[in-house]
Amino acid sequence: MAPATPRTKGNKAKATITAKSSTTAFSTSSSSSSPAIDHGASRFSSSSSTITTSTTTITNSSFYNTTATAGKAPKLNLSVFRYSNWLEENQLKKTAPWIAVAVAILIRFIVGLGPYSGYATPPRFGDYEAQRHWMELTIHRPIKEWYSDKSKWWDLDYPPLTAYVSWICGFIGDKLNPEWFAWETSRGFESPDAKIYMRATVLILEVIVYMSSIIVFTNLWFANKPWTRKHAALILILMQPGLILIDSGHFQYNAVMLGLVAWAVNCFLADQDVLGSVFFCLALAFKQMGLYFAPAVFAYLLGKSFRQGFFGCIWKLIKLGTTVILTLGLMFYPWMQSQEEILQVVHRIFPVFRGLYQDKVANVWCAVNVAIKLREMFDIQELVRFSTLATLLSFLPSVLHLIAKPTKKGLIYGLINSSLSFFLLSFQVHEKSILIPMLPITLLILDEPAVASLFVTLATFTMFPLLKQELLLLQYFVVLGFWIWLTKGTFSTASKLLQFLSVVNLLVITSLHVAEFTISPPARYPDIYAVANALWGAGGFTLFWAYFNYRQFTFVNTPGTGFRVTKSTKLA
């Protein structure tokens with residue numbers, strides 16, 4: 001696609017577009033906010049067809065960037081672009097998404113052949129056993145006892161939608177083989193067929209909820225861009241290594257929560273805000289870590305409401321408030337019969353007693369604790385208040401900006417800044433929680449290609465201590481190595497600084513891995529490699545937090561960029 005002539009102030013611009021068919025038309029009021037970019041993927045050629053051209057007049061409202069920093073975008077030498085071109089030239093566009101999903105499933109299946117959390121590790125085993133036990137619990141105990149069970153095995157500590165999904169999976173599994181989920185006698189049960197079933201539940205739910213949401217997102221985000229760019233983004237997002245290793249390797253269901261958030265984003269992009277609120281509430285009802293995104297979602301919807309006029313604003317807030325109350329009320333209804341029961345659910349979902357953090361995690365508190373022993377100096381309540389205040393102050397500028405300028409691209413940056421603030425500064429953060437900011441950052445894989453690929457590489461590295469503990473070393477190195485190879489072209493036209501940081505990051509990661517496998521840690525510092533991992537990650541994530549806040553306040557605020565708040569459109 002040939003770049004259009006930028007418009008002058010106060011005037012509309014006209015551009016001539018060379019297209020594959022004379023019936024092709026492009027509109028610049030699309031959901032995608034980045035400039036018209038030829039990533040080396042917009043070549044429309046075919047050896048079996050005749051190329052025609054058409055001249056299309058474009059009303060330039062928010063498509064082209066007028067700033068020097070975001071002018072003509074670089075051509076990225078990515079293998080996924082070449083592959084997408086090949087698919088297009090061979091008229092495989094309709095089957096291409098199915099191929100991408102099939103390959104994504106195959107990779108996850110292969111990763112799932114390895115060990116999982118707590119494999120053959122009594123007495124408590126691990127996350128795999130926790131998920132299996134919740135299936136056992138929900139099919140054998142009355143619903144009101146799900147959060148008050150006294151068996152002292154693996155307490156159900158996720159919100160009700162996780163419990164309902166566990167019940168469905170347990171109900172089906174019990175019909176296939178009652179031994180898998182027999183009450184009490186199945187604890188620590190590990191058999192090849194049970195493993196296949198449990199792995200299958202992860203894969204099926206990921207396909208239904210997460211992968212479908214990513215397909216819809218790329219269709220919306222790149223609606224008026226070359227098909228090759230849309231498909232390249234789909235492949236890269238599905239190949240994000242962190243989610244593959246944690247869900248299909250370690251064993252989790254994070255893809256369900258992240259997929260529900262992605263569906264909420266899709267609805268917001270299509271201006272279906274009520275439906276988007278339903279999906280976001282379902283995400284909160286599946287995993288409480290969805291709260292990492294809540295400030296940005298709240299700010300975006302509030303900012304849009306303020307632009308509806310007085311009565312329009314009141315009506316919109318009533319609709320959104322009613323939607324939230326009804327959705328969450330429906331999820332929590334079985335335990336709302338008494339104050340004691342609902343408080344027990346809240347106590348399980350937010351286990352403050354666990355402390356500021358558990359294992360080494362690449363956030364501010366763990367990094368600071370190397371020099372200042374916060375957990376010894378302050379009691380839990382003080383740390384809760386302090387971390388809450390720090391988190392609030394961290395995401396407040398981004399939230400206020402999003403209220404003032406509720407653009408759709410601003411929403412994505414807001415999701416990044418809010419979730420990164422929670423990861424870096426909130427109370428009781430797990431290393432797996434980096435998957436939360438990784439979602440919106442990965443969605444920008446072709447808008448912020450070098451930065452997004454660098455972030456994903458660093459984030460996956462910070463989960464290495466957990467994956468090493470689960471004996472997933474081979475899976476880690478292969479999947480992360482594949483990601484680095486897949487995205488290496490994103491740095492071909494990046495700034496010298498980004499290229500330098502990428503090289504330094506790879507050198508540090510490689511050096512730490514080599515040292516860990518060749519040099520025994522000193523007896524005085526047995527966790528030195530895990531601490532080094534956390535320190536490097538925390539420093540990097542802090543820089544990313546600063547960068548994405550800067551991007552939200554500059555790029556999104558630049559005239560001619562970002563998404564406008566438009567009239568309601570159908571989600572199709």
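For this chain, numbers begin at 1 and follow the sequence in order.
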Side-chain atoms of residues 510-522: list all donor-acceptor pairs with protein atoms under 3.5 Å, sequence neighbours left out, distances to 0.1 Å.
| unit_1 | atom_1 | unit_2 | atom_2 | d |
| --- | --- | --- | --- | --- |
| Thr510 | OG1 | Leu506 | O | 2.7 |
| Ser511 | OG | Leu507 | O | 2.7 |
| His513 | NE2 | Tyr476 | OH | 2.8 |
| Glu516 | OE2 | Lys468 | NZ | 2.7 |
| Thr518 | OG1 | Val514 | O | 2.6 |

Between Arg132 and Ser186, is there a donor-acceptor pair closer than 3.5 Å when you use the side chain of the first and the backbone of the second? yes
By ring-ring contact (aromatic ring centres under 6.0 Å, His included), Phe251 pairs with (sequence neighbours left out) Tyr128, Tyr253
Does Lys360 use its side chain to pair, donor to acceptor, with the backbone of Ala367 at less than 3.5 Å? no
Under the rule for ring-ring contact (aromatic ring centres under 6.0 Å, His included), what residues qualify as partners of Tyr158, not counting sequence neighbours? Trp134
When rounded to the nearest 0.5 Å, the distance separating CD1 of Ile237 from OG1 of Thr218 is 6.5 Å
Taking the side chain as every heavy atom from C-beta outward, state whether Val165 and Thr201 have any atom pair closer than 4.5 Å. no
Scan for ring pair (Phe, Tyr, Trp, His ring centres under 6.0 Å) pairs involving residues 434-459, sequence neighbours excluded, and state none if there are none. Phe455-Phe541, Phe455-Phe544
With no hydrogens and no angle check, is any side-chain donor or acceptor of Tyr119 less than 3.5 Å from a backbone partner on Phe125? no
Listed partners of Glu376 passing side chain to side chain contact (heavy atoms under 4.5 Å, CB included), at least two apart: Lys373
When you measure from the side chain of Ser213 to the backbone N and O of Trp263, does any donor-acceptor pair fall under 3.5 Å? no
Whether the Gln344 and Lys144 side chains hold a donor-acceptor pair (N or O, under 3.5 Å, no angle test) is what I'd like checked. no
Contacts of Ser421 meeting side chain to side chain contact (heavy atoms under 4.5 Å, CB included) (sequence neighbours excluded), chain-then-number -> Ser394, Phe395, Trp545
Provide the full list of side-chain hydrogen bond (donor to acceptor under 3.5 Å, both in side chains) pairs with a residue in residues 103-116, sequence neighbours left out, each pair given once. Arg108-Glu206, Tyr116-Glu190
Nearest 0.5 angstrom please: Leu203 CG to Ile208 CD1, how far? 11.0 Å
N/O donor-acceptor pair under 3.5 Å between Asn417 side chain and Leu420 backbone: no
Got a list of side-chain donor-acceptor pairs under 3.5 Å for residues 333-342, not counting sequence neighbours?
| unit_1 | atom_1 | unit_2 | atom_2 | d |
| --- | --- | --- | --- | --- |
| Trp335 | NE1 | Ile143 | O | 3.1 |
| Gln337 | NE2 | Tyr333 | O | 3.3 |
| Ser338 | OG | Glu341 | N | 3.3 |

Applying side chain to side chain contact (heavy atoms under 4.5 Å, CB included), name anything that partners Arg141, two or more places apart in sequence or on another chain. Leu137, Glu145, Trp146, Trp183
Phe386: partners by side chain to side chain contact (heavy atoms under 4.5 Å, CB included), with sequence neighbours left out: Trp365
Sidechain-backbone polar pair: Thr442 side chain, Met438 backbone, donor-acceptor under 3.5 Å: yes
Do any pairs count as a side-chain hydrogen bond (donor to acceptor under 3.5 Å, both in side chains) and have a residue in residues 377-391, sequence neighbours left out, and if so which ones? none
Donor-acceptor pair, distance only, cut-off 3.5 Å: does the side chain of Glu136 make one with the backbone of Glu184? yes
Decide whether a cation-pi geometry holds between Arg124 and Trp154; the criteria are a distance under 6.0 Å from NZ or CZ to the six-membered ring centre and an angle within 45° of the ring axis. yes
Review item, side-chain donor-acceptor pairs of residues 239-247, under 3.5 Å, at least two apart:
| unit_1 | atom_1 | unit_2 | atom_2 | d |
| --- | --- | --- | --- | --- |
| Gln240 | OE1 | Gly242 | N | 2.7 |
| Gln240 | OE1 | Leu243 | N | 2.8 |
| Asp247 | OD1 | Asn254 | N | 3.2 |
| Asp247 | OD1 | Asn254 | ND2 | 2.9 |
| Asp247 | OD2 | Asn254 | N | 3.0 |
| Asp247 | OD2 | Ala255 | N | 2.8 |

